[in-house]
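Below is one structure, written out as structure tokens; comments come after it.
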There are 2 protein chains.
Amino acid sequence: MRPNSQLSGVLHVLLHMAEQDGPATSDMLALMMQTNPVVIRRIMAGLRERGYVRSEKGHGGGWTLARDLATITLRDIYDSLGSPSLFALGNRTENPDCLVEQAVNAALDTTFREAEALLLSRLGDVTLAALSADFHDRLQRRKRSRKGQTRHG
Amino acid sequence: MRPNSQLSGVLHVLLHMAEQDGPATSDMLALMMQTNPVVIRRIMAGLRERGYVRSEKGHGGGWTLARDLATITLRDIYDSLGSPSLFALGNRTENPDCLVEQAVNAALDTTFREAEALLLSRLGDVTLAALSADFHDRLQRRKRSRKGQTRHG
DNA sequence: TCTCATGTAACTTTTGATATTACATGATGG
DNA sequence: CCATCATGTAATATCAAAAGTTACATGAGA
């Protein structure tokens with residue numbers, strides 16, 4: 001698995017949960033995501049704290065969505081994961097004595113803060129409902145293209 | 001040293017080179033950057049290919065700037081490093097068969113591409129000369145504040 | 001009360017970045 | 001020339017963060 005693909009991963013999980021009736025167990029989700037159930041539980045813990053999902057123990061237990069997808073944005077999910085650093089580039093040192101380094105850091109910090117603000121703002125604009133709608137669009141398109149193939153082939 | 005601080009590091013090195021007469025050896029720069037000379041050479045190799053710096057072997061050799069700092073942008077330096085991935089977050093899988101994953105990837109890709117465009121554009125606006133000027137400002141301010149301390153203390 | 005499922009701490013593995021070693025190439029000064 | 005200095009680069013080692021795994025505790029049904 002790629003590094004830092006948690007956001008991508010959780011979104012995948014959540015959309016699948018939306019498609020299915022009843023709770024999904026960590027084992028099922030882990031199988032879907034080709035990872036370990038414990039990893040799923042760890043990731044979902046943050047979402048549960050914020051009330052986006054619920055978990056039930058015992059027979060018939062598992063994970064269920066606790067909110068309408070239209071009320072959850074990608075930004076919410078990102079924050080639930082602990083707002084991990086968005087950027088792969090960092091400063092060599094923080095709070096350096098060297099004035100050269102201070103000048104470098106200041107320039108880079110400004111730039112990256114701007115980009116971060118844009119990113120977070122955009123993530124805040126996209127709801128899980130929008131993602132789900134896009135998924136259903138793709139489903140329709142695939143069905144139609146399959147029918148087309150059959151008719152002409 | 002922090003991960004992926006190459007950009008920050010090279011900028012630091014370049015500004016220091018601008019302050020000094022004559023070539024700077026990899027050993028000197030490595031000492032300044034608290035790293036290994038070989039790391040310096042590796043990083044500088046990309047800059048040399050693009051003509052931003054020159055290297056000379058033998059006695060009195062080392063690294064020198066080959067261009068006016070006003071003609072080099074942070075974007076140029078970033079590209080010289082091989083345009084490493086800017087973001088710490090990635091997609092779980094590329095080109096997935098799963099339509100859910102496709103929808104997720106599409107949403108994230110759009111968002112990150114936008115942020116990347118903004119970032120690169122901003123990096124292209126800042127010249128090394130501007131960074132150097134900021135450094136000299138800081139130098140003046142520090143001097144003044146030191147004088148002030150002496151006078152009042 | 002047995003099984004199923006989550007909750008979590010501890011540990012191991014993997015991976016990417018960085019640092020180091022070793023040796024080759026080329027330039028300069030005596 | 002040749003000893004020395006400096007870069008050039010491949011190969012290797014180290015390190016830290018992320019991901020995965022194991023082990024065991026807790027709680028909810030059937």
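Chain identifiers are assigned alphabetically (A, B, ...) following the order of the sequence lines, protein sequences preceding nucleic acid strands; residue numbering begins at 1 within each chain.
- In this structure, the CG atom of B:Leu81 is 13 Å from the P atom of C:dA17, given to the nearest Å.
- Atom-to-atom distance recorded for B:Leu11:CG and B:Phe135:CZ is 14.0 Å, nearest 0.5 angstrom.
- Using a 4.0 Å cut-off, some side-chain N or O of A:Ser26 falls inside it from OP1 or OP2 of C:dT6.
- Formation of a donor-acceptor pair under 3.5 Å by the B:Arg75 side chain with backbone atoms of B:Arg122 is not found in this model.
- Nearest nucleotide to the A:Ser5 side chain, out of C:dA5, D:dA19, D:dT7: D:dA19.
- We find that CG of A:Leu31 is positioned 12 Å from P of D:dT21, with the value rounded to whole Å.
- Going from atom CD of A:Gln6 over to atom C1' of D:dG20 covers 12 Å, rounded to whole Å.
- For A:Ala117, there are no side-chain contact (heavy atoms from CB on, under 4.5 Å) partners two or more places apart in sequence or in a different chain.
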List every contact pair, protein side and nucleotides 1-4 of chain D side both N or O, where the distance is under 3.5 Å.
unit_1, atom_1, unit_2, atom_2, d
D:dT4, O2, B:His59, NE2, 3.2

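- Within residues 37-49 of chain B, the residues having any heavy atom under 4.0 Å from DNA chain C are, by residue number, B:Val38, B:Val39, B:Arg42.
- For the pair B:Met33 CE and C:dA17 P, the computed distance is 17 Å after rounding to whole Å.
- No donor-acceptor distance shorter than 3.5 angstrom exists from the side chain of B:Thr35 to the backbone of B:Leu31, with no hydrogens or angles considered.
- Atom CG in B:Leu14 sits 7.0 Å away from atom CD1 in B:Ile72 (nearest 0.5 Å).
- Two residues, B:Gly58 and A:Gly58, neighbour DNA chain D, and the one matched to the more 5' nucleotide by heavy-atom proximity is B:Gly58.
- Regarding A:Asp27, its CG atom lies at a distance of 13 Å from the P atom of C:dG7, rounded to whole Å.
- B:Asn4 places no side-chain N or O within 3.5 Å of a backbone atom of A:Gly90 that could act as its donor or acceptor partner.
- Residue A:Trp63 is the one, among A:Trp63 and B:Glu56, whose nearest nucleotide of DNA chain C lies closer to the 5' end (criterion: closest heavy atom).
- For A:Asp68, the side-chain contact (heavy atoms from CB on, under 4.5 Å) partners two or more places apart in sequence, or in a different chain, are A:Ala70, A:Thr71.
- For a distance-only test at 3.5 Å, the side chain of B:Lys57 qualifies as a donor-acceptor partner of the base of C:dT25.
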Original post:
How does DNA chain D read in dot-bracket, base by base from 5' to 3', with Watson-Crick or G-U pairs under 3.5 Å and | used when the partner is on another strand?
Top reply: ||||||||||||||||||||||||||||||
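- Note that SG of B:Cys98 and CZ of B:Arg92 are 8.0 Å apart. Values are rounded to the nearest 0.5 Å.
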Using distance only, find each side-chain donor-acceptor pair of residues 41-61 of chain B under 3.5 Å and give its atom names and separation, not counting sequence neighbours.
unit_1, atom_1, unit_2, atom_2, d
B:Arg41, NE, B:Ser26, OG, 3.4
B:Arg48, NH1, B:Ser55, OG, 3.4

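- Closest approach of A:Thr93 and A:Asn105 over heavy atoms only: O-ND2, 2.9 Å.
- For the pair B:Thr25 and D:dA6, the criterion of a side-chain N or O lying under 4.0 Å from OP1 or OP2 is not met.
- Side-chain polar atoms of A:His16 and B:Glu101 form no donor-acceptor pair below 3.5 angstrom.
- Rounded to whole Å, the distance from CG on B:Leu7 to C1' on C:dA17 is 16 Å.
- Within the structure, a side-chain polar atom (N or O) of B:Ser55 is placed less than 4.0 Å from OP1 or OP2 of D:dG8.
- The CG atom of B:Asn4 sits 13 Å away from the P atom of D:dA17 (whole-angstrom rounding).
- The interatomic distance linking A:Asn36 (CG) with C:dG7 (P) rounds to 15 Å, in whole Å.
- The distance from atom OG1 of B:Thr110 to atom CZ of B:Arg113, rounded to the nearest 0.5 Å, is 5.5 Å.
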